[in-house]
Amino acid sequence: MVAAQLAGVENDHGNFGAAEGHYLQAIENFRGTPEQITANQVASMLGILPEKTGRSEAAFAHLAETAAEWRRLTGDFDATHIRLLSDLNRRLDEGSLHNALSTLDQATRKKLERRIKRADGGYL
């Protein structure tokens, strides 16, 4: 949990590179423990950082993976993940969007695309 707290401090001070490193460490610390949902919440914060440094495709890809993992853990997508993905979706061209989703299995990708499309009022 210390790494996640350090990441939050670095993020608040605009040190996004350092924050990203601490978030990655926090996720590793939680991986394989009963704290999988906490790890996913930390991953959500990590997913927002690339957008702050102009890396929208990387942010989208990370948040898509985080959303897929949340669905695996809980049975449904998280509304905050969908909202963040919807916001990022508006900034990406179609090729970037498909690249960002390429790591997901086809069934999950299709379900996530439908949820984002619904949140975007039909645009994906």
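Computed from heavy atoms alone, side chains included, the values below leave out hydrogens, waters and symmetry copies.
- Without hydrogens or angle criteria, His62 side chain to Ala58 main chain gives no donor-acceptor distance under 3.5 Å.
- For the atom pair CG of Leu85 and CZ of Arg83, the computed distance is 10.0 Å after rounding to the nearest 0.5 Å.
- Interatomic distance, Arg109 CZ to His98 NE2, rounded to the nearest 0.5 Å: 8.5 Å.
- Of the residues Lys110, Lys111, Glu113, Glu65, the one that meets the side-chain contact (heavy atoms from CB on, under 4.5 Å) test with Leu104 is Glu65.
- Put simply, NZ on Lys117 and CG on Leu112 are 13.5 Å apart, with the number rounded to the nearest 0.5 Å.
- Between Asn99 and Ser102, the closest heavy-atom pair is O-OG, 2.8 Å.
- When all heavy atoms of Ala100 and Glu57 are compared, the pair lying nearest together is CB-O, 3.9 Å.
- Side-chain contact between Ile116 and Phe60 is present, with heavy atoms from C-beta onward closer than 4.5 Å.
- Arg118 places a side-chain heavy atom less than 4.5 Å from the side chain of Arg115.
- Not counting sequence neighbours, Arg71 has no partner by the salt bridge (Lys or Arg N to Asp or Glu O under 4.0 Å) test.
- Residue Leu6 holds its CG atom at 11.5 Å from CG of Asn15, rounded to the nearest 0.5 Å.
- For the atom pair CG of Leu84 and CG of Asp78, the computed distance is 8.5 Å after rounding to the nearest 0.5 Å.
- Nearest approach of Trp70 to Phe77, heavy atoms of both residues: CD1-C, 4.0 Å.
- The minimum heavy-atom distance linking Ser56 with Arg91 is given by the pair OG-CD, 4.3 Å.
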